[in-house]
Amino acid sequence: MPKKTTVLLLNLGTPKSPNVSDVRTYLFEFLNDRRVIDIPWLLRKILVNLIIVPFRAKGSSKIYKQLWTKDGSPLMIYGEKVKDLLQEELDENFKVELAMRYQEPSMKRVLEKIRLDMPDKLIILPMYPQYASSTTGSTFEKAMEIIRGWEVIPEIKLVNQFFDHEGYLNTIVDNANQHDLNDFDHFIFSYHGLPLRQVNKVHPNKNCKDCDCDKRFRPDTDYFCYRATCYETSKLLAKKLNIPKEKYTVAFQSRLDKNWLEPFSDKVVIEQAQKGAKKLMVFSPAFVADCLETTIEIGLEYGELFEENGGKELVLVESLNDHPKWIAALKDLVIH
Ligand SMILES: C=CC1=C(C)c2cc3[nH]c(cc4nc(cc5[nH]c(cc1n2)c(C)c5CCC(=O)O)C(CCC(=O)O)=C4C)c(C)c3C=C
Ligand SMILES: [Fe+2]
Ligand SMILES: [Fe+2]
């Protein structure tokens, strides 16, 4: 008998509106997650609630206002679209749901709906291509915290990453090929940064700062090393796009302090402009949908930085959004 299966798609979440109070509520929930700000409880409460959020909310609200469309936040809009498109691709034994780790639709509410529907199988799919404790790990922890109280716990599949999935990579390749790659002087693969401390926790005997996981991917020790999977994703994409090694740089954006993964994307953008690059292509392979970190940070802020330092044009490769190949890739992740 075919199994009644629910697919739970997840993403980070976004504020309810770009207003300061909603951005503050979002940041409070997000940054109080012990996997995101991974320091002792009391220190986190002081740092997040008395320093980071009060100082950050106003500035973040301003940039969320630039991102917001008449239909809302792109992360949410594409989340809903992808959910509907994946539902259309799957047969009647599957039901697709969408929840966000922070804010709405909340994991608590959506998982309660799923519990009442009593599926035989639950597939939990956080839409982060590269595993990180602060994203995928946090989402799984929250899901398990809720599901552990259920009377009936269905068969569960956790999709923990898909950085090397052909369909995911080919969607990015398709989006890049909308442009003539010969026009570009340099290419940057820009990933969301992480504190180095968090990266090192996955391989406690090795410091990623002096390790060669950027050059050689060792699945036995580096499969969950965020730095290693970011470099491996870039290598696979560069190979598919025939971008030679000397023409691309892997970099990390959105740092909160200096002890985050390097090189920093903004510094690389400036460096490239100063070296004489006129046209720069930036990929954002850690983000499956347009969001603050892509549209505003890369598209707008890095675009300005590049031009201020002598560059002519920075082109941001579109996110996966609702590309048919991305929907097919999700289907493949669900059924295999
Ligand atoms: C690859 C995905 C992401 C990782 C890893 C990640 C780690 C991480 N992020 C912060 C702090 C912030 N991130 C913010 C926004 C944001 N982050 C991601 C993805 C990852 N974060 C996305 C998709 C977004 C945008 C959401 C949207 O609504 O468009 C923000 C809020 C914006 C701001 O104030 O700058 C913060 C803060 C930390 C601390 C962290 C790991 C430790
Ligand atoms: Fe983030
Ligand atoms: Fe590593």
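We count ligands from 1, going down the list as the structure has it; atoms in each ligand are counted the same way. Positions are given from 1, in the same order as the sequence printed here.
When the options Met76, His192, Gln198 are ranked by their closest heavy atom to atom 7 (C) of ligand 1, first place goes to His192.
With respect to the salt-bridge test (charged N to carboxylate O, under 4.0 angstrom), the residues Glu112 and Arg109 do not qualify. Ion pairing between Asp212 and Arg218 holds under the 4.0 Å rule for side-chain N and carboxylate O.
In the vicinity of Thr135, heavy-atom distances shorter than 4.0 Å reach the ligand 1 atoms 2 (C), 3 (C), 4 (C), 5 (C), 6 (C). Atoms of ligand 1 found under 4.0 Å from any heavy atom of Tyr64 (numbered from 1 in listed order, with element): 26 (C), 27 (C), 28 (O), 29 (O).
Looking only at protein heavy atoms, the nearest one to atom 34 (O) of ligand 1 is Ser60 OG, 2.5 Å. The protein heavy-atom contact nearest to atom 35 (O) of ligand 1 is Arg56 NH2, 2.8 Å. Considering only non-hydrogen protein atoms, atom 25 (C) of ligand 1 sits nearest to Glu293 CG, 3.9 Å. The protein atom (non-hydrogen) at minimum distance from atom 32 (C) of ligand 1 is Leu292 CD2, 3.5 Å. Annotation: atom 14 (C) of ligand 1 to nearest protein heavy atom, Phe30 CE2, 3.5 Å. Among protein heavy atoms, the minimum distance from atom 42 (C) of ligand 1 is reached at Val36 O, 3.2 Å. In terms of protein heavy-atom proximity, atom 31 (C) of ligand 1 is nearest to Leu27 CD2, 3.8 Å.
For the side-chain contact (heavy atoms from CB on, under 4.5 Å) with Leu320, the qualifying choice from Leu330, Ile172, Ile327, Val82 is Ile172, the only one to do so.
Shortest non-hydrogen contact noted between Gln198 and Asp38 is NE2-OD1, 3.0 Å.
Using a 4.0 Å heavy-atom cutoff, Ser254 is absent from the residues neighbouring ligand 1. Contact between Trp68 and ligand 1 is absent, with no heavy atom of the residue lying under 4.0 Å from the ligand.
There is no side-chain donor-acceptor pair under 3.5 Å between Tyr64 and Ser73. Tyr102 and Asp33 form a side-chain donor-acceptor contact under 3.5 Å, judged by distance and modelled atom types alone.
Distances from the Fe ion (ligand 2) to each N, O or S atom of His192 single out NE2 as the nearest.
Between the CG atom in Asp71 and the CD1 atom in Ile77 there is a gap of 5.0 Å [rounded to 0.5 Å].
At under 3.5 Å, not a single nitrogen or oxygen of Tyr26, backbone or side chain, sits near a nitrogen or oxygen of ligand 1.
Aromatic rings of Phe217 and Phe163 (six-membered ring for Trp) have centroids within the 6.0 Å cut-off, being under it. With ring centers used as reference points, Trp260 lies 6.0 Å or more from Tyr226.
Taking 2.8 Å as the criterion, His203 counts as a coordinating residue of the Fe ion (ligand 3), since one of its N, O or S atoms falls below it.
Contact annotation: for Cys291 versus ligand 1, heavy atoms closer than 4.0 Å belong to both the backbone and the side chain.
Proximity of Glu141 to Ser133: side-chain heavy atoms (C-beta onward) are nowhere separated by under 4.5 Å.
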